[in-house]
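What follows is one structure encoded as structure tokens, with my remarks underneath.
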Amino acid sequence: MPDALLDDLNPQQRRAVTAGDGAVLVLAGPGSGKTRVLTRRLAYLVERRGVPACDVIAVTFTNKAAREMENRVLSLVQQNLDGIWLGTFHAMCARLLRREVNYLPYRSNFVIFDADDQESLVKRAIRELNIDDKTHRPAGVHAAISAAKNDLLLPEQMPLRTYRDEVVARVYKRYQEMLVANNALDFDDLLLQAARLLEQNPGVAERYARRFQHVLVDEFQDTNLAQYTLLQQICAYHKNIFVVGDEDQSIYRWRGADYRNVLRFQQDFKDCATILLEQNYRSTQNVLDAARQVIDRNGNRTPKHLFTERGTGSKLVQFTAVDEVAEAAFVVDTIQQYLSSMRATASDFAVMYRTNAQSRLVEEALIRARLPYRLVGALRFYGRREIKDLIAFLRLAENPTDEISLARVIAVPPRGIGQKTIEMLQSAAFQANISSGEVLLDLGSKGDSSPFWAIIGRSASLLADFGALLADWHSLKGRVSLVTLFDRIISDTGYEPYINDQSDEGNDRWENIQELRRLAYDYDEKGLTEFLQNLALVSDQDTLPPEADQPATARQKAVTLLTLHAAKGLEFNQVFITGLDEGLLPHSRSRDDPEEMAEERRLFYVGMTRARDQLYLLRSERRSSFGNWEYSEPSRFLADISDELLTYQGKRGGLPRAAQFEELRWTTTGLPSTYSRRQRKPELPVETRFKPGMRVRTAAWGEGLVLESRVDSDGEETVDVHFESVGFKRLLASLAKLEIIP
DNA sequence: TCGCCAAGACTTTTT
DNA sequence: GTCTTGGCGA
């Protein structure tokens, strides 16, 4: 009898999916069908074992993974999944905390502070405590607080080994008080507070542990201590915990993730069944072998022997460029060769890099070549000023005591409220022991009969006007639809003329606001609280408009540009990994710490194993940083890949050392270097015979449209033409007999 | 109070 | 090279 749930699984996958009760650890190499196993397991439990969906909790790290799991399972089972707890760790914790909010010093409409909010709150705490924010930078202090929270440490439990520790502990304590005063939790709090709540209220913990008959976890290697503890608590009763992960793909150490949780799991659940998935369905054997040579140098892991039935495949290509411009050019030229020979479409390609800054040159090269691309992450939708402003207004409508949002928009658009006025407002609030928002509300409703009117003096009426707006919005919330409130805020504040000055950028920003409004539309019924929570918990990785500003056709067929971190879980036919230089990959900040170095290696491994057919490993002998050239050695990881697996394109070695110093001297003494980019590209002013938009004809290809034309330093004109018959061609004007059609 | 300009910092990764 | 921050002048 055919079985849609099990038939197409290999024996290991099937063993995992059909495992009995108890703890199950699935160690799944890249491309081994990890997601498939997880979704089938969930479907199997519900469909074959008759487990009610509402007794299951399934946690992932990204919203995208959660959505995908839900959709896939729904297509596998005959029922709906009503009542299931399926989502990210953070979303599941937020849900739990809202339900149990009476155990916490919060109201149930608490807001979730994102990274920016957290940092500005830390900054406030630092200033308030009269600590110098130059020596103790808010970003650094916040990172330390975050790390403590991930390790389940409260301020008073912080180890105080150095003066710095003591400073951090003090700021942490104040920061935490301020969060409570703002009725806000930060990201880390979602985990920490949930774990502590269960720990301190055994009755509550038992209720959840009894409820969740089955616990399923994706990307288990990325759990931190808080998450691990939570999992232990909720599976304590039934002890049915099914985790899937791969130590070799743990790349979030800096966020507290500890791949050793995999080892800990095996110790904590003594009778756990461990299943290894080693058959890879993605890559060629050459890619897998090279990846293995890289990862096998790491310790503390379960060795895996990935194999494939896809065959040997072609060798990896290693290319050493003279500089980063040439590196980007190699990527684009290679892609164009594939495209012009019709062997691939743009969406088959991915370009990966260690740091976001590296994307820029590739982008420029792609734009020049007229190739569509999409950038994952990086230019965050939610990070844009106009979006943050609007969210701040919405948050104030929800929660007028939110000081961070208030500080953000009290003078946006400018309404005569300046630094002095804000200080007065804050001191008035401080003396009355209420929040600034409440002072504003009071001023707004009572006007000059408010006790604060006299305290604040001259600019009190300006504050009162804004307070009246806040009061309006606050009372509208719940009475009118979300979109109505949204529009009211825009018109009350005059936000459109403020943000849209009719320039391209202004139009862009206004477009973003419209996009946010469309999102709000989906929450018209669910309401503001849900909308805000969702905004806080969506990551930039699963930012909804993939590239909203590109036409749909371009979106479908675009080259993907992304960081190695963002690449996890994805796959592409052709993958370029750029910047394989010491200092970049591995990153210089990992140099002195063996654990961090091991993580850089895993990061590279993740990137390599994204490739189905062809992997390009690129480096550049020198890069410009702040206008100076910097020279680097090849990444140590390249040396780990044996020669039989590699083909070298371009030159293989670097410049002789002496030559490097020679050049270095040139550039650092400020003398014009013959190698500087500015000098090498005087292309623009030179007049070209062919212009973009011209129609041309050749004997061989018929009519076409000139996309671009330029003259290089030798006076040679290169013309890019799109022909109706054969598509894109790059031609030398002197050789191709191009006829201009008037 | 606001907007402009110059100096300075900055680049690792993000739920 | 680019973005942010801070100072200064209108």
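The shown structure was predicted, so the numbers you read here are calculated from the model rather than taken from an experiment.
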A:R385 CZ - C:dT4 P separation (whole Å): 10 Å
Rounded to whole angstrom units, what separation is found between the CG atom of A:L562 and the P atom of B:dT13? 13 Å
Hydrogens and angles aside, do A:S635 and A:D581 bring a side-chain donor and acceptor to less than 3.5 Å of each other? no
Distance, rounded to the nearest Å, where A:N356 contributes CG and C:dC3 contributes P: 13 Å
Side chain of A:R360 only, heavy atoms from C-beta on: which candidate in B:dT13, C:dC3, B:dT12 is closest? C:dC3
Would you mind classifying the nucleic acid contact of A:R137 as base, sugar-phosphate or nothing, using non-hydrogen atoms under 4.0 angstrom? sugar-phosphate
Proximity to the side chain of A:H587 - top-ranked nucleotide from B:dT15, B:dT11, B:dC10: B:dT11
A:H90 has its side chain closest, among B:dT13, B:dT15, B:dT11, to B:dT15
Given C:dG6, B:dT11, B:dT12, the nucleotide with the shortest approach to the side chain of A:A357: B:dT11
Taken to the nearest whole Å, OH/A:Y353 to P/B:dT11 is 17 Å
Starting at the 5' end of nucleotides 1-7 of chain B, put B wherever the base has a protein heavy atom under 4.0 Å, S where only the sugar-phosphate does, and a dash everywhere else. SSS----
Strictly under 6.0 Å, is that where the ring centroids of A:F61 and A:H90 end up? no
Just by distance, no angles: are the side chains of A:E403 and A:S436 close enough, under 3.5 Å, to form a donor-acceptor pair? yes
Under 6.0 Å from the ring centre and within 45 degrees of the ring axis: does the NZ or CZ of A:R264 meet both conditions for the six-membered ring of A:Y228? yes
Please find out if less than 6.0 Å separates the ring center of A:Y498 from that of A:Y495. yes
When you check the phosphate oxygens OP1 and OP2 of B:dT15, does a side-chain N or O of A:N63 lie under 4.0 Å from one of them? no
Roughly how far apart, to the nearest Å, are C:dT5 and B:dT12 at atom C1'? 23 Å
Rounded to the nearest Å, what distance is computed from the CG atom of residue A:L361 to the C1' atom of nucleotide B:dT11? 14 Å
Tell me whether the side-chain N/O atoms of A:R255 come closer than 4.0 Å to OP1 or OP2 in B:dT14. no
Return the value, rounded to whole Å, for the distance between atom CZ of A:R67 and atom C1' of B:dT15. 14 Å
Rounding to a whole Å, what distance do you find between A:I251:CD1 and B:dT13:P? 12 Å
Residues A:R589, A:E596: salt bridge by 4.0 Å N-O rule: no
Once you round it to whole Å, what is the distance between P of B:dC10 and CZ of A:R589? 10 Å
With A:R255 as the cation and A:Y252 as the aromatic partner, state whether NZ or CZ is under 6.0 Å from the six-membered ring centre and within 45° of the axis. yes
Under the 3.5 Å rule, do the base of B:dT14 and the side chain of A:H565 count as making a donor-acceptor pair? no
Tell me whether the ring of A:F61 lies stacked over the B:dT15 base, given a 5.5 Å limit on centroids and a 30° limit on the plane angle. no
Scan side-chain atoms only and decide if A:Q118 and A:K123 contain a donor-acceptor pair under the 3.5 Å cut-off. no
